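Convention: sequence-line order gives letters A, B, ...; per-chain numbering from 1. Just so it is clear, the structure is predicted and the values come from calculations on it, not from any experiment.
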2 protein chains.
Amino acid sequence: MIMKMKFKINKKDDLKLFDKFARKLNLKSSRKRDFIIDYFLTLNKHISIEELYNQIKTKIPGIGYSTIYRTLRLLVLCGLATARQFEKGITRYEPVHIKKHHDHFICTRCGQIIEFHNRTIEKIQNNLAHKYHFLIQNHKLEIYGICQKCKKKGRRQWRASI
Amino acid sequence: MIMKMKFKINKKDDLKLFDKFARKLNLKSSRKRDFIIDYFLTLNKHISIEELYNQIKTKIPGIGYSTIYRTLRLLVLCGLATARQFEKGITRYEPVHIKKHHDHFICTRCGQIIEFHNRTIEKIQNNLAHKYHFLIQNHKLEIYGICQKCKKKGRRQWRASI
DNA sequence: CTCATTGCAAACGATTTGCATACCG
DNA sequence: CGGTATGCAAATCGTTTGCAATGAG
C-alpha cells in the first residue's frame with residue numbers, strides 16, 4: 001500500500017536556473033555555496049538547517065550556520081527550495097523536484113514526520129476532480145495525530161511540561 | 001457549486017471535555033483561564049497568540065503573555081485547539097470545531113475554493129494510520145488546480161491578472 | 001494550609017544581522 | 001582593487017520557564 005517514491009532529479013537544469021538567478025542578482029560564485037546547493041539538490045527528502053549543517057560540516061569543516069541559512073534563503077528565493085513548518089519552530093526545506101505528490105503523517109506531540117504515498121487516494125481525488133470539472137495540478141495531504149511512540153509514552157511525560 | 005459548510009459550534013461540549021481533562025490533571029479552575037478558553041472557543045478562525053493576547057487584554061487588563069501561552073498549550077493537549085505554522089515563526093491556533101472536514105479544491109487561477117468531503121479518503125487514511133500505529137487527530141487535504149470556469153476562460157483572461 | 005495559577009523577567013532556541021576578514025573576478 | 005561571501009558573535013523574535021506572589025478549595 002505504501003510506496004517508496006522515485007524522483008527524477010534534474011540537478012543540471014536546477015543549477016542552470018540558479019546560475020541565471022545569480023547573474024541577475026550580481027552574486028559572485030563561491031565554492032562553499034556551490035557545494036551546499038549541489039548537496040541540497042541531490043536530497044530527496046526535506047531537511048532542517050541543523051541536519052544540513054551537520055552533514056555539510058563533514059565535507060567543509062569550517063562552514064558556519066549563517067552560510068547554510070543564507071544559501072537556503074537564496075534557494076527559496078529562486079524557487080529551487082520550499083520551506084515548510086511541519087512542527088513548531090523548525091523550518092524544513094525540500095528541493096523543488098520532490099514537491100509533488102507526497103503526503104505526511106505529522107505527530108503533534110514529538111513532531112515526527114512520516115512520508116507516504118497512496119495511489120487509491122489519488123484515484124479518488126481524480127474522480128472528485130472530474131466530478132467538479134477540476135484540473136488537478138498538485139495536492140497536499142497532511143494528517144496530524146499521535147505517533148506510536150508518543151501513544152506509548154502516555155500522559156505522565158507530557159504532563160510534566162505544563 | 002461552492003458548498004458552504006456549517007459548523008455546529010458546541011462550546012458546551014468542548015467545555016465539558018476540558019473539565020474532564022482538567023480533573024484528570026488535577027488542575028484547579030481559574031477565572032482567567034476559563035475566560036480565555038471560552039473566548040477562544042467562540043472563534044471561527046485561527047488566531048495567533050499575539051492577536052489573542054491583545055483581544056483578551058481589553059477584557060482582562062492585567063493578563064500576561066504566559067497565561068495565554070499556557071492556556072493554549074492546554075487546549076492543544078486536550079485536543080480542543082490545533083496549532084499550525086502557516087508562516088514562518090508564528091504559530092496560529094484554531095478551535096477544533098472548525099478543524100474538521102477540511103478538504104479543499106483551490107483554483108490556482110481565480111482562487112476559488114471548493115470544499116468537499118469524501119468518506120473513502122478518510123477510510124483509507126484510517127487504514128494507513130492503523131498500519132503506522134498512528135492516532136489521527138485531524139487532517140488537511142488541499143488539491144490545487146484549475147476550476148471549470150477558468151478552464152473555459154482560456155489563458156488570456158487570467159494572464160491579465162498577474 | 002496546600003497546591004495550582006499567574007505575571008514578570010530571564011532563559012531559550014531558531015534565525016538574522018553587523019562587522020571584520022577571506023575570497024572572486 | 002572593489003565588491004561579494006563567510007564566520008563569528010551579538011541581536012532578534014517567538015516561546016518557555018523559574019520564581020515569588022496570588023488565588024482556589
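- The separation between B/Asn26 atom CG and D/dA24 atom P is 18 Å, rounded to whole Å.
- Both B/Lys32 and A/Tyr65 lie close to DNA chain C; mapped to their nearest nucleotides by heavy-atom distance, the more 5′-ward contact belongs to B/Lys32.
- Computed from coordinates, the A/Lys57 NZ to D/dG7 P distance equals 12 Å when rounded to whole Å.
- For the pair A/Tyr93/A/Leu75, no side-chain contact is recorded, criterion being any heavy-atom separation below 4.5 Å from C-beta on.
- Rounding to whole angstrom units, CG of residue A/Asp34 and P of C/dC23 are separated by 15 Å.
- Across the interface with DNA chain D, nearest-nucleotide mapping of A/Leu74 and A/Ser66 shows A/Leu74 to be the residue nearer the 5′ end.
- When rounded to the nearest whole Å, the span between CD1 of A/Ile68 and P of D/dC8 equals 12 Å.
- Minimum atom distance to the side chain of A/Ile90 is reached by C/dA14, of the listed C/dA14, D/dT6, C/dG25.
- Using modelled atom types, one side-chain atom of A/Arg33 and one backbone atom of A/Lys28 make a donor-acceptor pair closer than 3.5 Å.
- Of all nucleotides listed (D/dG23, D/dG7, D/dT15), D/dG7 comes nearest to the side chain of A/Thr67.
- Contact annotation: B/Tyr69 reaches the phosphate of D/dT15 (side-chain N/O to OP1 or OP2, under 4.0 Å).
- Between B/Ser29 and D/dG25 there is a side-chain N or O to OP1 or OP2 distance below 4.0 Å.
- Under a cut-off of 6.0 angstrom, the local environment of NZ in A/Lys20 is sparse, with at most 12 non-hydrogen atoms contributed by other residues, nucleotides or ligands.
- At a cut-off of 3.5 angstrom, counting only N and O atoms as typed in the model, there is a donor on one side and an acceptor on the other between the side-chain of B/Arg70 and the base of C/dG7.
- Remark: the B/Lys28 side chain and the D/dA24 base include a donor-acceptor N/O pair separated by less than 3.5 Å.
- When the shell of 6.0 Å around NZ of A/Lys123 is examined, it contains 12 or fewer heavy atoms from other residues, nucleotides or ligands.
- Atom pair A/Arg33:CZ and C/dC24:C1' shows a separation of 11 Å (rounding to whole Å applied).
- Atom CD in A/Glu50 sits roughly 9 Å away from atom P in C/dT15 (whole-Å rounding).
- Spacing between atom CG of B/Leu27 and atom C1' of C/dT5 amounts to 10 Å, rounded to whole angstrom units.
- For the OP1/OP2 pair of C/dA14 and a distance below 4.0 Å, the side-chain nitrogens and oxygens of A/Thr91 include no atom meeting the criterion.
- Classification of the A/Tyr53-A/Tyr65 ring pair by plane angle, with boundaries at 30° and 60°, yields parallel.
- B/Phe35 has its CZ atom 16 Å from the C1' atom of C/dT6, to the nearest Å.
- Contact between the side-chain N/O atoms of A/Arg31 and the OP1/OP2 oxygens of C/dA22 is not found at any separation under 4.0 Å.
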